[in-house]
Asker: 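I have a structure here, written as structure tokens, and I will follow up with some questions on it.
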Amino acid sequence: MDDALSPRALLHHLLSVVEDDDSVESVVYVARMKDGTIVSGWSDLLHTEVIGLLEVGKLQAVKDMWEDWQPR
């Protein structure tokens with residue numbers, strides 16, 4: 001995972017796209033806090049849209065994981 005970003009760098013990038021490009025329509029996030037709790041939030045979306053975006057994000061993460069996988 002050589003291209004991992006810190007939370008600050010990831011949010012800085014997203015905020016710059018939101019402010020400069022104005023192409024972001026909606027946002028969903030999931031974060032793990034230092035105490036281990038998980039928090040989530042989303043912009044103005046229906047709950048079904050939130051679930052759909054999270055599912056797409058999960059599928060993209062799995063795809064990346066498989067692309068990075070090296071057989072033994």
Side-chain angles (χ1 to χ4, degrees):
M1 198 154 97
D2 297 335
D3 57 351
L5 291 173
S6 69
R8 183 180 304 271
L10 180 64
L11 292 174
H12 178 74
H13 172 72
L14 177 60
L15 187 56
S16 69
V17 172
V18 169
E19 291 177 340
D20 298 340
D21 191 3
D22 198 33
S23 63
V24 176
E25 182 178 355
S26 53
V27 174
V28 175
Y29 74 88
V30 178
R32 184 177 63 210
M33 308 305 284
K34 287 185 177 183
D35 68 1
T37 59
I38 306 294
V39 296
S40 60
W42 48 89
S43 57
D44 187 20
L45 292 164
L46 299 173
H47 288 102
T48 53
E49 293 174 307
V50 173
I51 293 167
L53 286 173
L54 290 168
E55 185 65 23
V56 169
K58 182 182 95 173
L59 292 172
Q60 289 175 339
V62 169
K63 179 180 177 281
D64 287 350
M65 182 178 66
W66 276 108
E67 288 174 354
D68 291 343
W69 181 70
Q70 299 289 324
R72 294 182 192 210

Asker: Show the numbers, then the answer: is there a side-chain contact (heavy atoms from CB on, under 4.5 Å) between Val17 and Ser23?
Answerer: CA-CA 7 Å; Val17 172; Ser23 63; 4.1 Å; yes

Asker: Determine the minimum heavy-atom distance between Ser26 and Leu53, stating which atoms define it.
Answerer: OG-CD1, 3.9 Å

Asker: Kindly work out whether a path of hydrophobic side-chain contacts (I/L/V/M/F/W/Y, heavy atoms less than 4.5 Å apart) joins Ile51 to Leu46.
Answerer: no

Asker: Around atom CD of Glu25, are there more than 12 heavy atoms of other residues, nucleotides or ligands at under 6.0 Å?
Answerer: no

Asker: Tell me, yes or no, whether the heavy-atom count around Asp20 atom CG, taken from other residues, nucleotides or ligands under 6.0 Å, exceeds 12.
Answerer: yes

Asker: Hydrophobic clustering (ILVMFWY, side-chain heavy atoms < 4.5 Å, transitive) - are Val28 and Ile38 grouped together?
Answerer: yes

Asker: Can you tell me how far apart NZ (Lys63) and CG (Asp68) are? Round to the nearest 0.5 Å.
Answerer: 10.0 Å

Asker: Can you measure from OG1 (Thr48) to CD (Glu55) and round to the nearest 0.5 angstrom?
Answerer: 13.5 Å

Asker: Quick check for you: to the nearest 0.5 Å, what is the distance between Leu5 atom CG and Leu11 atom CG?
Answerer: 10.0 Å

Asker: Report the C-alpha separation of His12 and Leu15 in whole Å, then their side-chain angles, then the decisive distance to 0.1 Å, and conclude whether the side-chain contact (heavy atoms from CB on, under 4.5 Å) test is met.
Answerer: CA-CA 5 Å; His12 178 74; Leu15 187 56; 5.9 Å; no

Asker: Any chance CE of Met65 has more than 12 other-residue heavy atoms, nucleotides or ligands included, within less than 6.0 Å?
Answerer: yes

Asker: State yes or no: do Val30 and Leu59 share one hydrophobic cluster built from I, L, V, M, F, W and Y residues joined by side-chain heavy-atom distances below 4.5 Å, directly or via other members?
Answerer: no

Asker: Using a 6.0 Å cut-off, check whether atom CG of Asp21 has over 12 heavy atoms from anything other than its own residue.
Answerer: yes

Asker: Where is the tightest heavy-atom contact between Tyr29 and Trp42, given as atom of each residue plus distance?
Answerer: CE2-N, 4.5 Å

